[in-house]
Amino acid sequence: MEAVTGPPLLLATQAISTLERCKTMPELRQVHAQIIKTNLVSHTFTVSKLISFCCFSGVSGGLNYAVSVFRRVQNPNPFIYFMLIKSLSESSNPLDSITLYAHMLTRLEDWKRVEFSLPSVIKACGRLNGLEEGKQIHGQILKTQFVFDPFVANAMIRMYFEVGEVDLARRMFDKMPERDVISWNSMITGYLRVGEIELARRLFDMMPDKDLVSYNAMIDGYGKSGKCELAEEIFGVTIRKDVKTWTSMISAYVLNYQPRKALDMFREMLSVGVNPDGPALVSVISAIADLGFVEEGKWIHKYVSSSGIEMNSGFIGSALIDMYAKCGHIENAYQVFRTISQNRNIGDWNSMISGLAIHGLGDESLEIFRDMEKMGIDPDEITFLGLLKACSHGGLVDDGKFCFKLMQEKYSIVPQVQHYGCIIDLLSRAGHLEDALRILWNMPIEPDVLAWKAILSASVKHGNVKIGEAAAFRAIELAPEDSSCYVLLSNIYAKMGRWDDVAKVRLMMKQKRVGKVPGCSSILVKGKVHVFLAGKAMDEKCTDEVLFKIEGIVSRLKLEGYKPDLTQVLLDVEEEGKECLLSLHSEKMALAFGLINIKNDALIHIVKNLRVCCDCHSFIKLVSKVYNRQIVVRDQNRFHHFENGFCSCKDSW
DNA sequence: GTAGGGTTAG
C-alpha cells in the first residue's frame with residue numbers, strides 16, 4: 001500500500017485532531033494505523049499525544065493500548081514515562097507504576113527531569129498499601145533531591161495516611177520548610193479519614209489561608225462522623241459554596257437520618273442557582289428514598305434524563321433503583337434496571353436485589369442473582385445481604401441456607417455479623433429456632449443486638465418464653481438504649497398474662513431512662529404529607545374526625561371477627577383502656593385518614609417509622625377486605641401490600 | 001505532578 005505523504009507538521013496536526021475526537025477503541029486503532037502509515041511514529045510529539053490520549057481520555061481499554069504503544073517507542077522521553085506512570089498509579093494495578101518508575105531510573109539519569117513522576121509513584125505506594133516501597137522512595141528522595149518540592153512532600157503526607165502511618169504523615173508535615181494550602185488540606189482530610197476529628201479541626205482553625213476544599217472537607221468529615229451540628233456550623237460560615245459544599249451537607253443529613261433536611265437543602269441549592277451534578281443528585285435521591293417521596297423522585301429522574309448525566313455512570317442508576325423500590329414502585333425500579341442493561345455496575349445489581357427483598361419478592365431476587373452470575377459479575381458482601389434478606393422476607397428457608405453456603409464456598413466471602421444476623425433471622429422467623437441458635441452459638445464473631453433481636457422476635461411469635469427471655473436480656477445488655485428489646489420482652493410476658501413482669505420491664509426502662517420511640521406514620525393526600533404520632537395527629541384539626549372514623553371501622557371489623565390483640569400494649573391498664581391505646585396506633589390513624597380522604601379506587605400508601613404491630617397488621621388486612629381497598633404500608637423493614645384480606649408478607653415480618 | 005462531594009447494607 002502506498003504510504004500517505006505530506007509535510008509532517010500538517011499530517012501530525014491532522015492526526016492529532018482526529019485522535020482527540022475518538023470515543024471508542026476501534027476508532028483509536030484506526031488513528032494509530034494512520035499514524036504508522038504516515039510514518040508519524042517517529043514523530044515524538046505525535047506519539048506523546050497518542051499515549052496521552054490513551055491514558056487520560058477514559059476510552060475503555062485505553063491504558064493497555066498505551067502500554068503496547070509505549071513498548072515500541074525507541075527512546076521514551078521523561079514526559080512519556082510520566083504519563084504512563086501517572087495513569088498506572090490510578091489504575092487497578094498500581095504496582096506497574098512503581099515497576100515502570102524503577103525502569104525509568106535505569107534509563108534516564110537526569111534526576112531533575114524524572115522527579116515530575118514522583119507524586120504519582122508515591123500515590124501508587126499508598127494505593128498498594130506499600131509502606132516499605134513508600135519508605136524506600138522517601139529515602140531515595142532524601143539522598144537525591146536537593147531542592148524541597150512541595151508536590152512531593154504533599155503526596156508523601158497522603159501516602160502515609162493511606163498506609164495508616166498517621167505519625168509519619170504528621171512528622172512529614174511538621175518538618176516541611178514551607179507548607180501550602182494543599183499540605184494543610186491533606187493533613188486535615190487525612191485526620192478526618194482516620195477519625196481524628198478534633199486534630200483535623202485544630203489544624204483547620206490554625207491554617208492561615210483556608211480555601212473551599214478545607215471547608216468542604218470539614219463539613220464532609222463532620223457529617224461522616226455523626227456530628228451534623230458541627231457540619232452545619234462550618235457550612236454556615238462557608239462563603240462561595242460550590243456544588244461539593246452542598247453535596248457534603250446534603251449527604252451529612254442523609255447519613256444522620258435527617259432526609260427531610262437533606263431535601264430542603266437540595267431545594268435551597270437549586271434556588272441559589274447551583275446546578276446539581278451526579279454526586280449531588282445521588283445523595284438527594286437517597287434522601288428521597290428514605291422519605292418515600294416518589295413524586296420528587298420522578299422529578300429527579302426526569303432531570304437526570306434531560307441533563308445529559310449518564311445513567312450508567314457512577315451511582316445514579318443504583319440510587320434510582322433503590323429509590324423506586326423504597327417508594328413502593330418496584331415496576332419503575334425494574335424499568336431503570338432494564339434501561340441500564342449495558343454496563344451495569346455491582347451497585348445496580350445490589351439495589352435491584354435488595355429492592356425486591358423489601359417487597360418480599362424472594363424468587364425474583366434470586367432470579368436477578370442468577371442473571372448476574374450468568375453475566376460473570378462477581379457478587380460482593382452486599383449482594384448476599386440482599387439475597388439473605390430476600391429469602392428471609394420471602395420465607396425461602398432452603399434458598400437462604402444455600403446462599404449462605406454459596407457466598408463462603410464459591411465466592412470466599414467471609415460472613416460478617418450482618419450476614420449472621422440475616423440467616424439467624426431467616427431460620428428463627430420460619431420457626432427453626434434450634435438451627436438458628438446453633439448458628440448463633442457457633443459463629444466466630446460476637447453476635448450483635450440484631451442477631452439476638454431476631455431470636456427474641458421469633459420467640460415472641462412462637463411463644464417461647466425461656467429462650468425469648470434469655471435473648472432479651474442479652475440484647476438489652478448489648479443495647480440498653482434500644483427500647484424495642486424491652487417492648488418485645490414485655491410482649492412475651494403480656495402474652496402469658498405475667499403482668500408483674502411487664503411492670504418490672506417498665507420499671508427497668510424508667511431506671512435506665514429508655515424512652516419508647518413513638519410510632520409515627522405518614523400518608524400523602526393531594527400532594528400533602530400528613531403525619532400521625534401514636535395517639536394524635538400532627539395537624540390537630542383532623543384528630544377528631546379520624547378518631548370517629550376509627551371507632552366506626554373497629555365496630556364494623558368486629559362484626560367480621562376482629563378481636564383487638566391487647567398483648568400488644570405495653571402498659572398494664574384496664575382492658576378498655578388498652579383497646580383505646582391500641583386504636584390510637586399511628587398506622588391506624590393514618591389509614592382512617594386515608595379512607596376518609598382518598599377516593600375509592602386509589603391506593604392508600606402509608607409509611608411507618610417502626611415495625612407494624614401484630615394487631616395493626618390483622619386490622620389492615622381486614623380493612624383491605626371489608627372496605628375493598630388496596631393498601632401499601634412501608635415499615636422499618638419492608639413493604640406490606642394488603643389486598644382482599646391478605647398481605648404480601650404472608651404474615652411473616 | 002499534590003488536597004474536596006455520591007449508591008446498594010446497616
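Letters go in sequence order (proteins before strands), and every chain restarts at 1.
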Between [atom2] on [N] and [atom1] on [X], what's the gap in Å once rounded to a whole number?
| X | N | atom1 | atom2 | result |
| --- | --- | --- | --- | --- |
| Phe315(A) | dT7(B) | CZ | C1' | 6 Å |
| Trp349(A) | dT7(B) | CH2 | C1' | 16 Å |
| Glu90(A) | dG1(B) | CD | P | 10 Å |
| Trp452(A) | dG10(B) | CH2 | P | 20 Å |
| Met311(A) | dT7(B) | CE | C1' | 14 Å |
| Asp277(A) | dG5(B) | CG | P | 12 Å |
| Leu450(A) | dG10(B) | CG | C1' | 8 Å |
| Met104(A) | dG1(B) | CE | C1' | 12 Å |

Could you list the donor-acceptor pairs under 3.5 angstrom formed between side-chain atoms of residues 384-393 of chain A and any protein atom two or more places apart in sequence or on another chain?
unit_1	atom_1	unit_2	atom_2	d
Ser392(A)	OG	Asp425(A)	OD2	3.0
Ser392(A)	OG	Arg429(A)	NE	3.3

### Message
Checking Ala124(A) now: which residues fulfil side chain to side chain contact (heavy atoms under 4.5 Å, CB included) with it, not counting sequence neighbours?
### Response
Ser89(A), Pro94(A), Ser97(A), Ile98(A)
### Residues in side chain to side chain contact (heavy atoms under 4.5 Å, CB included) contact with Pro78(A), at least two apart in sequence or another chain
Leu108(A), Arg113(A)
### Student check: side-chain heavy atoms of Arg344(A) and Ser341(A) closer than 4.5 Å
yes
### Query
Would Phe116(A) pass as stacked on dG1(B), i.e. its ring centre under 5.5 Å from the base's six-membered ring centre and planes under 30° apart?
yes
Going by heavy atoms closer than 4.0 Å, what residues in [range] are next to DNA chain B?
| range | answer |
| --- | --- |
| residues 181-199 of chain A | Ile182(A), Asn185(A), Ser186(A), Thr189(A), Arg193(A) |
| residues 382-393 of chain A | Ile382(A), Leu385(A), Lys389(A) |
| residues 158-170 of chain A | Arg158(A) |
| residues 239-248 of chain A | Asp242(A), Val243(A), Lys244(A), Thr247(A), Ser248(A) |

### Partner residues of Phe45(A) under the ring pair (Phe, Tyr, Trp, His ring centres under 6.0 Å) criterion, sequence neighbours left out
none
### Query
Phosphate oxygens OP1/OP2 of dG6(B): is one of them under 4.0 Å from a side-chain N or O of Lys224(A)?
yes
### Query
So, is Lys326(A) close to the dA9(B) phosphate, meaning a side-chain N or O under 4.0 Å from OP1 or OP2?
yes
### Message
Can you tell me whether the side chain of Ser318(A) and the base of dT7(B) have a donor-acceptor pair closer than 3.5 Å?
### Response
yes
Let me check something: any side-chain donor-acceptor pairs from residues 278-294 of chain A under 3.5 Å, sequence neighbours excluded? List them with distances.
unit_1	atom_1	unit_2	atom_2	d
Ser283(A)	OG	Pro279(A)	O	3.3
Ser283(A)	OG	Ala280(A)	O	3.0

Categorize [X] for me: base, sugar-phosphate, or nothing, with a 4.0 angstrom heavy-atom threshold over every strand shown.
| X | value |
| --- | --- |
| Asp348(A) | nothing |
| Leu212(A) | base |
| Asn345(A) | nothing |
| Tyr215(A) | nothing |

### Task
Give the minimum heavy-atom separation between Met207(A) and Ile188(A), together with the two atoms involved.
SD-CD1, 3.7 Å
Give the nucleotide from the list [options] with an atom nearest to the side chain of [X].
| X | options | answer |
| --- | --- | --- |
| Phe82(A) | dG1(B), dT8(B), dG6(B) | dG1(B) |
| Lys86(A) | dG6(B), dG1(B), dT8(B) | dG1(B) |
| Pro279(A) | dG1(B), dA9(B), dG5(B) | dG5(B) |

### Message
Looking at Asp96(A) and Thr99(A), would you say the former's side chain and the latter's main chain have a donor-acceptor pair under 3.5 Å?
### Response
no
### Task
For the residue pair Ser484(A) and Lys453(A), confirm or rule out a side-chain donor-acceptor distance under 3.5 Å.
yes
### Query
Would Ser186(A) and Asn154(A) count as having a side-chain donor-acceptor pair, cut-off 3.5 Å?
no
### Query
To the nearest 0.5 Å, what is the distance between CG (Leu199(A)) and CZ (Arg170(A))?
7.0 Å
### Task
List the steps, then state whether side chain to side chain donor-acceptor pair (under 3.5 Å) holds for Tyr222(A) with Arg201(A).
CA-CA 10 Å; Tyr222(A) 276 138; Arg201(A) 178 62 191 258; 3.1 Å; yes
### Task
Tell me, please, which residues at least two apart from Ser365(A) pass side chain to side chain donor-acceptor pair (under 3.5 Å).
none
### Message
By the ring pair (Phe, Tyr, Trp, His ring centres under 6.0 Å) test, which pairs, at least two apart or in different chains, include something from residues 180-212 of chain A?
### Response
Phe161(A)-Tyr191(A), Phe173(A)-Trp184(A), Phe204(A)-Tyr215(A)
### Task
Return each pair, listed once, that meets side chain to side chain donor-acceptor pair (under 3.5 Å) where at least one residue sits in residues 246-264 of chain A; pairs must be two or more places apart or across chains.
Glu232(A)-Tyr253(A), Gln258(A)-Lys261(A)
